[in-house]
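Chain letters run A, B, ... following the sequence lines, proteins first, then strands; residues in each count from 1.
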Amino acid sequence: MTPAPAFFTRPALEVAPDLLGAVLTSTLPAGRVAVRVSEVEAYDGANDPGSHAFRGRSTRNAVMFGPPGHVYVYFSYGMHWCMNVVCGAEGTAAAVLLRAGEVIDGVDLAQQRRGQCVAERDLARGPARLAQALGVTGVLNGADLATGRLRLRLPATSADHVSTGPRVGLSRGAELPWRFWVSGSGFVSAYRAAAR
DNA sequence: TGAACGATTTCCT
DNA sequence: GGAAATCGTTCAA
């Protein structure tokens, strides 16, 4: 089922676990790739020291403050793209980072983007890997999930078992258990404690 | 105007 | 287990 607009108009902490099992499909000139989401992280704008929006609105994070149901794509470490689903009421800057998933359609294209030697299990296991497998870059920043080249489909029933834990790679706010993943899934990123 | 660092990945030892 | 790659954003001066 395609989620109703109201699905996204909730706090990130409520939307995040509901996204587990959802299928994200990118339809671009190169072809179509679909990924079943197995790991996410919640970011709660103004109150969250780990969020890009913690210090207020800026050119980069403007999309987070916009209407929910859109995609926030950012450039990281000078070489990687990562994608979020904007949620919460407009102006709240809440978002959910898609950290990992399983490629269930368009495996050939995903492998072409990621590299022929990459194992199928590793095609979208990690936030930057997931974005690369789907062909997501900055040009899709702000794209609307309802009408754009990216579409989201919710599972008939929510994930059976959900695990929670600390978020990955943050120097601040890392103690909050705002990471969610499908228990026992092999398509989950490897945890690494924040550097520093 | 400059310096530090990051919601990461990959390759090396 | 450790470090490099690489650049836009942010913060300090």
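Contact annotation: A:His52 side-chain N/O to B:dA7 OP1/OP2 distance is under 4.0 Å. The phosphate of B:dG6 has neither OP1 nor OP2 within less than 4.0 Å of any side-chain N or O from A:Arg172. A close approach under 4.0 Å does not occur between any side-chain nitrogen or oxygen of A:Arg114 and OP1 or OP2 of B:dT9. Taking side-chain N and O atoms only, A:Arg55 has a distance below 4.0 Å to OP1 or OP2 of C:dC11. Residue A:Ser58 has a polar side-chain atom (N or O) positioned under 4.0 Å from OP1 or OP2 of C:dT10. Between A:Ser171 and B:dG6 there is a side-chain polar atom (N or O) within less than 4.0 angstrom of OP1 or OP2.
One can place CZ of A:Phe54 at 15 Å from P of B:dG6, the figure rounded to the nearest angstrom. A straight line from CE of A:Met79 to P of C:dT9 spans 16 Å, rounded to a whole angstrom. Atom CD in A:Glu41 sits about 15 Å away from atom P in B:dG6, given to the nearest Å. Rounded to whole Å, atom P of B:dT9 lies 10 Å from atom CG of A:Leu130.
The aromatic rings of A:Trp81 and A:Phe75 are tilted relative to each other, their planes meeting at an angle between 30° and 60°.
With P as the reference atom, C:dT6 and B:dG2 are 22 Å apart, rounded to whole Å. Remark: the separation of the P atoms in C:dG1 and B:dA7 is 23 Å, to the nearest Å.
Using a 4.0 Å heavy-atom distance criterion, A:Gly126 is classed as a sugar-phosphate-only contact. Among the protein residues, A:Met64 comes within range of the nucleic acid bases, having at least one heavy atom under 4.0 Å from a base atom.
Between A:Arg125 and A:Ser189, the side chains place no donor N or O within less than 3.5 Å of an acceptor N or O (distance only, hydrogens not considered).
A cation-pi contact links A:Arg10 to A:Phe7, judged by a cut-off of 6.0 Å to the six-membered ring centre and 45° from its axis.
When each of A:Thr25, A:Leu28, A:Val71 is paired with A:Arg149, the side-chain contact (heavy atoms from CB on, under 4.5 Å) condition holds for A:Leu28 and for no other.
In the interface, the side chain of A:Tyr77 is not paired with the base of C:dA5 through any donor and acceptor atom under 3.5 Å apart.
Among the nucleotides B:dT9, B:dA7, B:dG6, the one closest to the side chain of A:Asn84 is B:dA7. Comparing C:dT10, B:dT9, C:dC7 by their closest approach to the side chain of A:Ala128 singles out B:dT9. Residue A:Arg129 places its side chain closer to B:dT10 than to any other of B:dT10, B:dA7, B:dG6.
Ring stacking holds between A:Tyr43 and B:dA7, with the centres under 5.5 Å apart and the planes within 30 degrees of each other.
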List the steps and the verdict of side-chain contact (heavy atoms from CB on, under 4.5 Å) for A:Tyr72 and A:Met83.
CA-CA 6 Å; A:Tyr72 166 51; A:Met83 66 178 299; over 6 Å; no
